[in-house]
Amino acid sequence: DTGSAAATPIDPRFDIAYVTPVTIGTPPQTLQLDLDTGSSDLWVFSSHTPASQVRGQRIYAPDKSTTSKLLNGHTWSITYGDGSGSRGNVYTDKFTIGGVTVKSQAIETAQQVSSSFTTEDAIDGLVGLGFSTLNTVSPNGQLTFFDNAKPNLDSPVFTADLKYMKPGTYDFGFIDKTKYTGEITYVPVETDPGYWTFTSSGYGVGSGTFSSSPITGIADTGTSLVYLPTAIVTAYYRQVQGATNSRSYGGYVFPCNSTLPAFVFGVGEAKFTIPPSYMSYAAVTDGSPTCFGGLQSSSGIGVNIWGDVALKAAFVVFNGEEPPTIGWANK
Ligand SMILES: O=C(NC1CCCCC1)N[C@H]1[C@H](O)[C@@H](N2CCCCC2)[C@@H]2OC[C@H]1O2
């Protein structure tokens, strides 16, 4: 098997998150899901989600699918790093992304979602693409779509080609040579506790010198921004006129008309440049002259996160061979 599906920004103005069309059940029900390498639960808004918590999202109705089966006595509950979360019951059903089908995928139906999911009407749920060890289904943990699909994929990989303010793609089972330039640099992945954890070889601010120092963090398609150690973040914002670390806005902000340097990060011998445009994430509120930075401190999180702001500067291969590795290429 091989497959390809679009990854479309949920907001035309800035890249909060990306959604991908999937089909579930028989006849197929289409939902737009957020593929998230930072988690390992596949959950959806459903006919079991209270109407008060649904605001325009498409829902999966297992009772309307002739191939759905309740996974008796199983429940799930997840909380994400931003405090959002959801919980519910579990079914199995036919699940397809970009033409790759898993005949019996655990579909976690939401009986409760937190307010940030209710208000985000473009996201109908998530497809966790982390390692299945992170799956929250109890009493028996379930496999991710990638783990289920892997044996039938031409190659046990998926790739992310996210783009700035326009649709990119997720490919499954093959590496599309037309999507990158030069060579792919592969580095080891630490699979404990279940993220795609790798070590970057260093960073540079704008045209400044490159600092070769290991930065261990996770490649997370479900996180909008990059979160790195405070020393790196302060070195970056020292180069931005009027930048401050705002307690009220919860991070580094600066005048939207500031000139921003690029941010360079290393993977092995390779270098990746996040252009200034990606480093200004969004105005803090609509129309404000104050902008929120695409690079923030990881000091409160406990892990460094290479989110969408970094991922969209590269073509990334999530290699599910044993042992797993992650590959980065320019594009
Ligand atoms: O919580 C994180 N990342 C953390 C950010 C802070 C620092 C630690 C990591 N990612 C989540 C993201 O925020 C969610 N969000 C829902 C509303 C629309 C936008 C996406 C979505 O659900 C799970 C995942 O994606």
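Computation of the quantities below employed the complete heavy-atom set of this structure, encompassing side-chain atoms and omitting hydrogens, waters and symmetry-equivalent molecules. Nothing here was measured: the structure is a model prediction, and the numbers come from that model. Numbering of ligands and ligand atoms starts at 1, following listing order.
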Salt-bridge present ([X], [Y]; N to O < 4.0 Å):
X: Lys163; Y: Asp15; value: no
X: Asp121; Y: Arg55; value: no
X: Lys331; Y: Asp161; value: yes

Practice task
Not counting sequence neighbours, which residues clear side-chain contact (heavy atoms from CB on, under 4.5 Å) with Thr79? List them please.
Solution key: none

Exercise for the section: Determine whether Phe174 and Asp154 make a side-chain contact, defined as any pair of heavy atoms from C-beta on separated by less than 4.5 Å. Expected result: no

Handout entry: Qualifying residue for side-chain hydrogen bond (donor to acceptor under 3.5 Å, both in side chains) with Glu108, from Asn135, Thr75, Asn89
Key = Asn135

Please tabulate protein-ligand N/O pairs under 3.5 Å for ligand 1, atom names and distances to 0.1 Å.
from: ligand 1; atom 1: 1 (O); to: Gly81; atom 2: N; distance (Å): 3.3
from: ligand 1; atom 1: 1 (O); to: Asp82; atom 2: N; distance (Å): 2.9
from: ligand 1; atom 1: 1 (O); to: Asp82; atom 2: OD1; distance (Å): 3.2
from: ligand 1; atom 1: 3 (N); to: Thr223; atom 2: OG1; distance (Å): 2.9
from: ligand 1; atom 1: 10 (N); to: Gly222; atom 2: O; distance (Å): 3.1
from: ligand 1; atom 1: 13 (O); to: Asp82; atom 2: OD2; distance (Å): 2.6
from: ligand 1; atom 1: 25 (O); to: Gly222; atom 2: O; distance (Å): 3.1

